[in-house]
Amino acid sequence: MAEAITPRSTDYSQWYLDVIKSAKLADYSPVRGCMIIRPNGYALWENMKEALDVMFKETGHENAYFPIFIPQSFLAREADHVEGFAKECAVVTHSRLKLDDEKGLIADPDSKLEENLVVRPTSETIIWDTYSRWIQSWRDLPILINQWANVVRWEMRTRLFLRTMEFLWQEGHTAHATEQEAIDETLTILDVYTKFAEEYMAVPVLKGVKTASERFAGAVETYCIEALMQDGKALQAGTSHFLGQNFAKAFNCQFQNANNELEYVWATSWGVSTRLIGALIMVHSDDAGLILPPRLAPTQVGLVPIYRTDEEKETVLSAAKEIQQELRAAGIRIHIDARDGFRPGWKFAEYEVQGVPVRLALGPRDVQNGTVEIARRDSGEKSSAPREGLAARMTDILEQVQQGLFDKALAHREANTTSVDTYDDFKAVLDDKGGFVLMHWDGTTETEAKIKEETKATIRCIPLEGYGDETGTDPVSGEPSKGRVVFARAY
RNA sequence: CGGGGUGUAGCGCAGCCCGGUUAGCGCAUCUGCUUUGGGAGCAGAGGGUCGCAGGUUCGAAUCCUGCCACCCCGACCA
């Protein structure tokens with residue numbers, strides 16, 4: 001019998017952990033807060049990575065790799081940056097171990113480093129140190145670099161995928177000659193992220209700008225995409241920062257412009273991480289386990305062959321292989337579970353908890369009738385279909401599933417986006433149904449902090465489009481407001 | 001850092017309050033037979049420094065002291 005998955009209604013966060021465990025996405029490690037990404041989880045990450053990588057390259061970026069170790073002094077160069085990250089850095093102080101008679105294995109005191117090294121929590125500092133050597137002229141600009149890497153942030157409280165001490169991500173770091181060009185870059189990437197979230201992950205997102213208190217440490221402006229989870233909590237799914245000239249000044253990175261003047265370089269940085277896997281899980285999955293959008297699912301179609309005798313096995317498997325060839329030719333990722341010793345019911349259940357979008361069952365009866373059983377993971381619908389034209393049918397179904405997941409998530413977000421005009425309504429909505437709450441805000445950090453203190457809701461973003469056009473009054477302070485902003489309790 | 005919980009076979013747990021046969025159960029594993037269209041059945045087998053270190057006792061998984069680790073909930077953050 002399989003491990004039972006706690007229903008969402010009983011305990012949402014336990015459900016989330018159960019889904020991960022039963023889908024074999026990740027495992028705990030011996031070190032607190034660190035995560036072993038299992039093959040199922042990693043295959044998912046690889047697909048996400050691949051799709052994003054194509055989009056980055058289409059928008060003119062190239063990949064590079066900077067080292068994991070950063071001289072400790074680099075972190076101190078940008079004032080806001082150090083304040084934001086100092087409290088969560090892993091620091092390397094020694095270069096070797098030695099066996100001590102009393103204490104066992106210890107860091108060898110003789111190997112203490114001249115300067116401590118910090119395991120990167122993000123790479124702005126080492127990259128801007130590098131850029132300062134690469135950039136002299138306006139002809140050296142722009143630099144549009146992305147890197148796929150791991151980073152470490154010593155978090156107090158962790159949660160698989162959503163917040164782990166080490167996580168995988170991509171971080172883009174670009175250098176520009178003008179402010180406008182850097183801002184354009186920031187917004188280009190925000191669009192890439194939006195497209196990826198909506199078209200690949202089937203997760204609708206709100207585009208917006210962070211308030212000063214939620215801004216990235218060292219940024220002038222932080223743009224973000226925010227998604228809504230099934231339990232009504234928000235999740236920041238990606239950020240794109242306009243860094244102004246902050247890092248260029250901190251690392252003395254100047255260039256000579258066409259008028260023969262020295263100017264500081266304009267910068268951006270942007271990233272999405274394995275946290276997106278957490279979003280994917282929380283947005284689509286149900287009480288039976290994981291549900292994956294077809295465009296990212298490592299296996300899009302799982303085929304379960306059914307047979308009793310060796311003879312049946314031979315017929316069924318050869319028919320299964322024909323189907324496999326046919327679907328592969330149509331660009332579908334199909335997997336045949338031909339393992340002996342596992343019964344069909346077992347395999348059905350396994351594909352189900354692992355979120356495989358469509359399952360086919362093929363037995364002697366089907367082979368004889370020229371049919372195959374099709375079961376959709378999203379709706380649970382089962383039907384028998386002719387083998388004839390199966391590839392086209394499957395392509396169609398996969399598209400329907402992809403679109404269906406997005407539509408459902410969008411409907412959920414819309415049903416859980418509420419506009420309020422009084423602080424009492426605001427609190428009531430947060431407690432009763434959660435979700436995104438649109439309310440006027442006077443633009444001050446004080447009001448924002450007061451609301452956070454009293455309700456645990458934060459301003460997820462000042463939306464770029466769709467909401468917030470009308471002016472009004474902040475119901476908390478009574479001061480005028482330029483528009484509605486998006487509040488929510490968040491992960 | 002505060003609150004709660006857990007640590008006994010690969011995994012999940014019982015046993016502990018009230019110390020005493022050979023530490024038990026489910027799943028998994030191995031062997032055999034029967035099975036196979038929604039997580040199979042029967043029979044047999046293997047697998048344990050009871051988190052670590054002290055202490056009490058004739059005797060400790062169980063009582064006492066100290067330590068460690070991990071998980072969950074909060075504060076901080078992507």
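The analysis underlying the following values was restricted to heavy atoms, covering all of them including side chains, and did not include hydrogens, waters or symmetry mates.
Between A:Arg159 and B:C73 there is a side-chain polar atom (N or O) within less than 4.0 angstrom of OP1 or OP2. A close approach under 4.0 Å does not occur between any side-chain nitrogen or oxygen of A:Tyr307 and OP1 or OP2 of B:U35. For the pair A:Ser13 and B:C72, the criterion of a side-chain N or O lying under 4.0 Å from OP1 or OP2 is not met. A sub-4.0 Å separation between OP1 or OP2 of B:A40 and a side-chain N or O of A:Arg343 is present. When the side-chain nitrogen and oxygen atoms of A:Arg308 are compared with OP1 and OP2 of B:U36, one or more of them lie within a distance under 4.0 Å.
Residue-level contact check: A:Phe167 touches the bases, meaning some heavy atom is under 4.0 Å from a base atom. Counting any heavy atom pair closer than 4.0 Å across all strands shown, A:Ser273 reaches a base atom. Among the heavy atoms of the strands lying under 4.0 Å from A:Leu162 is at least one base atom, whether or not backbone atoms are also near. As judged by a 4.0 angstrom heavy-atom cut-off over every strand, A:Thr164 is placed among the base-contacting residues. Within the nucleic acid shown, A:Gly380 has no heavy atom closer than 4.0 Å to any nucleic acid atom.
The gap from the P atom of B:A23 to that of B:A61 amounts to 10 Å, rounded to the nearest Å. A distance of about 15 Å separates the C1' atoms of B:C27 and B:A14, rounded to the whole Å. Using P as the reference atom, B:G20 and B:C42 are 33 Å apart when rounded to the nearest Å. Separation of the C1' atoms belonging to B:G12 and B:G7 is 13 Å when rounded to the nearest angstrom. Annotation: B:U56 and B:C1 have their C1' atoms spaced 35 Å apart (nearest Å). For the C1' atoms, the distance from B:A9 to B:C25 is 12 Å, rounded to whole Å. Nucleotides B:A60 and B:A69 have their C1' atoms positioned 23 Å apart, rounded to a whole Å. On the P atoms, B:G54 is 28 Å away from B:G47, given to the nearest whole Å.
Listed nucleotides: B:A78, B:G37, B:C77. Nearest to the side chain of A:Ala361: B:G37. Residue A:Asp366 places its side chain closer to B:G37 than to any other of B:C77, B:G37, B:G39. Comparing B:G37, B:A78, B:C73 against the side chain of A:Arg157 picks out B:C73 as the nearest.
Proximity of the aromatic rings of A:Phe85 and A:Phe216 is defined here by a centroid distance below 6.0 angstrom, and this criterion is met. A centroid separation of less than 6.0 Å is found between the aromatic rings of A:His61 and A:Trp270.
With hydrogens and angles left out, the side chain of A:Glu352 and the base of B:G38 share a donor-acceptor pair within 3.5 Å. Judged by atom type and distance alone, A:Lys456 does not reach the base of B:G74 through any side-chain donor-acceptor pair under 3.5 Å. Between the base of B:G38 and the side chain of A:Arg359 there is a donor-acceptor pair shorter than 3.5 Å.
In this pair, A:Tyr12 and A:Trp15 present their aromatic rings tilted. The plane angle is within the 30 to 60° band.
Put simply, the side chain of A:Glu448 never gets that close to the backbone of A:Ala212: no donor and acceptor are under 3.5 Å apart. In this structure, A:Tyr200 contributes its side chain and A:Asn47 its backbone to no donor-acceptor pair below 3.5 Å. Between the side chain of A:Thr309 and the backbone N or O of A:Glu312, at least one donor-acceptor pair lies under 3.5 Å.
Across the protein-nucleic acid pair, A:Glu83 atom CD and B:C76 atom C1' stand 13 Å apart, rounded to whole Å. Straight-line distance from the CG atom of A:Asp310 to the C1' atom of B:U36: 13 Å, rounded to whole Å. Taking atom CZ on A:Arg489 and atom P on B:G74, their separation rounds to 11 Å, with Å as the unit. Across the protein-nucleic acid pair, A:Arg215 atom CZ and B:A78 atom P stand 13 Å apart, rounded to whole Å. Here B:C73 presents its P atom at 14 Å from CZ of A:Arg32, a figure rounded to the nearest Å. Distance A:Asp80 CG to B:C77 C1': 16 Å, rounded to the nearest Å. Spacing between atom CH2 of A:Trp45 and atom C1' of B:A78 amounts to 12 Å, rounded to whole angstrom units. Regarding A:Ile306, its CD1 atom lies at a distance of 15 Å from the C1' atom of B:A40, rounded to whole Å.
When the nearest nucleotides of RNA chain B are assigned to A:Glu155 and A:Asp11 by heavy-atom distance, the more 5′-ward of the two goes with A:Asp11. Annotation: of the two residues near RNA chain B, A:Lys87 and A:Lys347, the 5′-most nearest-nucleotide partner is A:Lys347.
The only member of A:Arg413, A:Lys207, A:Lys210 that meets salt bridge (Lys or Arg N to Asp or Glu O under 4.0 Å) when paired with A:Glu226 is A:Lys210. Of the listed residues (A:His173, A:Glu124, A:His241), just one forms a side chain to side chain donor-acceptor pair (under 3.5 Å) with A:Ser269, and that residue is A:Glu124.
Residues A:Arg120 and A:Thr122 have side chains that never bring a donor and an acceptor to within less than 3.5 angstrom of each other.
Under a 4.0 Å N-O distance rule, the pair A:Lys456/A:Asp431 does not qualify as a salt bridge.
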Checklist line | 5'-to-3' dot-bracket of RNA chain B (Watson-Crick, G-U; under 3.5 angstrom; crossing pairs as [ ]; | other strand) | finding: ((((((((.[[[[.)....(...]]]].((((((.....)))))).....[[[[[..)....]]]]])))))))....
